Amino acid sequence: MITERLGPAGKVRVTFSLPSALWADTIYLVGDFNGWNRHATPLRATEHGWMITLDLEAGRTYQYRYLINDNEWHNDWNADGYAPNPYGGDNSVVDTTIFAELTQEDTRAVGEPLTPPIPHRSSRLRLVSTG
């Protein structure tokens with residue numbers, strides 16, 4: 001799963017995560033942003049799952065995959081999209097292009113979600129006349 005937030009100037013703060021129920025000794029994030037280096041970007045195991053946060057350039061798309069236990073490639077099934085790879089499968093895609101239009105004058109703080117949360121509305125009862 002990926003979560004994208006406004007980061008420092010010209011960057012998008014992207015958190016990549018996998019569920020803690022996934023058994024693994026090691027999980028690496030491998031993609032365009034690290035030159036497809038198989039060991040450059042390890043995810044860390046936390047009580048909330050496996051995760052890592054990167055600041056990526058705004059206005060781009062990045063392909064990536066997860067490498068589990070140094071021999072199993074997995075996609076992110078909640079990615080922004082998918083792109084065919086030269087091995088007959090697909091790579092996951094994270095898309096930061098929507099953030100390219102945001103400026104320093106934007107009112108959002110660093111780390112604030114791009115879309116505001118949906119306000120909670122309490123349910124209301126309505127009396128209906130039966131005759």
Side-chain angles (χ1 to χ4, degrees):
M1 183 167 115
I2 54 174
T3 305
E4 300 154 304
R5 298 179 184 274
L6 186 61
K11 302 281 185 176
V12 178
R13 188 156 289 158
V14 182
T15 299
F16 297 85
S17 61
L18 291 170
S20 58
L22 181 63
W23 181 90
D25 290 324
T26 60
I27 301 178
Y28 291 93
L29 179 63
V30 185
D32 294 334
F33 40 77
N34 64 10
W36 292 93
N37 184 321
R38 294 168 63 120
H39 296 109
T41 314
L43 276 72
R44 68 185 183 286
T46 72
E47 62 188 43
H48 304 291
W50 294 86
M51 55 184 40
I52 189 164
T53 300
L54 303 176
D55 286 339
L56 301 177
E57 293 292 326
R60 292 191 49 195
T61 59
Y62 298 88
Q63 294 185 32
Y64 68 97
R65 294 192 85 188
Y66 297 106
L67 179 60
I68 299 175
N69 292 329
D70 228 11
N71 64 3
E72 297 174 30
W73 290 98
H74 290 263
N75 278 335
D76 187 334
W77 299 114
N78 293 304
D80 291 336
Y82 304 94
N85 65 37
Y87 305 103
D90 290 322
N91 292 334
S92 301
V93 173
V94 59
D95 185 350
T96 65
T97 55
I98 193 167
F99 291 88
E101 298 174 10
L102 301 178
T103 66
Q104 286 296 93
E105 293 81 35
D106 198 314
T107 58
R108 294 175 190 88
V110 170
E112 186 176 330
L114 178 63
T115 53
I118 298 170
H120 174 70
R121 295 186 182 165
S122 59
S123 58
R124 297 182 187 195
L125 295 176
R126 183 173 58 142
L127 293 175
V128 178
S129 174
T130 59

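The model shown is predicted, which means the values in this text are computed figures rather than measured ones. Any value given below was found using the heavy atoms of this structure, including those in side chains, with hydrogens, waters and symmetry copies removed.
Taking every heavy atom of both residues into account, Trp50 and Ala24 meet most closely at CZ2-O, 3.4 Å. When all heavy atoms of Ile68 and His74 are compared, the pair lying nearest together is CD1-CD2, 3.2 Å. Looking at every heavy atom in both residues, Ala40 comes nearest to Pro42 through O-CD, 3.5 Å. For the pair Ala79 and Ser92, the tightest heavy-atom approach, listed with the atom from each and the gap, is CB-CB, 3.8 Å.
Each side-chain hydrogen bond (donor to acceptor under 3.5 Å, both in side chains) pair with one or both residues in residues 59-68, not counting sequence neighbours, appears once here: Gln63-Asn91, Tyr64-Asp76, Arg65-Asn75, Tyr66-Asp76.
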Stepwise side-chain contact (heavy atoms from CB on, under 4.5 Å) test for Asn69 and Thr26: CA-CA 5 Å; Asn69 292 329; Thr26 60; 4.2 Å; yes
Check against salt bridge (charged side-chain N to carboxylate O under 4.0 Å, His left out), Arg13 and Glu4: CA-CA 6 Å; Arg13 188 156 289 158; Glu4 300 154 304; over 6 Å; no
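Cluster membership for Tyr82 and Val94, using ILVMFWY side-chain heavy atoms within less than 4.5 angstrom, is not shared. Connection of Phe16 to Val93 is not established within any shared hydrophobic cluster, with ILVMFWY side chains joined at heavy-atom distances below 4.5 Å, either directly or through further cluster members. Hydrophobic cluster membership is shared by Leu6 and Ile98, with clusters built from Ile, Leu, Val, Met, Phe, Trp and Tyr side chains linked at under 4.5 angstrom.
Expressed to the nearest 0.5 Å, how far NE2 of His48 lies from OG of Ser17 amounts to 11.0 Å. Atom CG of Asn37 and atom CG of Leu29 lie 11.0 Å apart (nearest 0.5 Å). In this structure, CD1 in Ile27 is found 11.5 Å from CD1 in Ile52, a value given to the nearest 0.5 Å. How far NZ of Lys11 is from CG of Leu56: 7.5 Å, rounded to the nearest 0.5 Å. Expressed to the nearest 0.5 Å, how far OG1 of Thr3 lies from CE of Met1 amounts to 4.0 Å. Distance CG/Leu43 to CG/Leu22: 10.0 Å, rounded to 0.5 Å.
The closest side-chain heavy-atom distance from Ile2 to Asn78 is not below 4.5 Å. The side-chain heavy atoms of Pro8 and Asp55, taken from C-beta on, include a pair separated by under 4.5 Å.
When atom types are taken as modelled, the side chain of Thr96 and the backbone of Phe99 share no donor-acceptor pair closer than 3.5 angstrom.
Through direct or relayed side-chain contacts under 4.5 Å between Ile, Leu, Val, Met, Phe, Trp and Tyr, Trp23 connects to no other residue. When hydrophobic residues (I, L, V, M, F, W, Y) are linked wherever their side-chain heavy atoms come within less than 4.5 Å, the members clustered with Leu67 are Tyr28, Val30, Trp36, Trp73.
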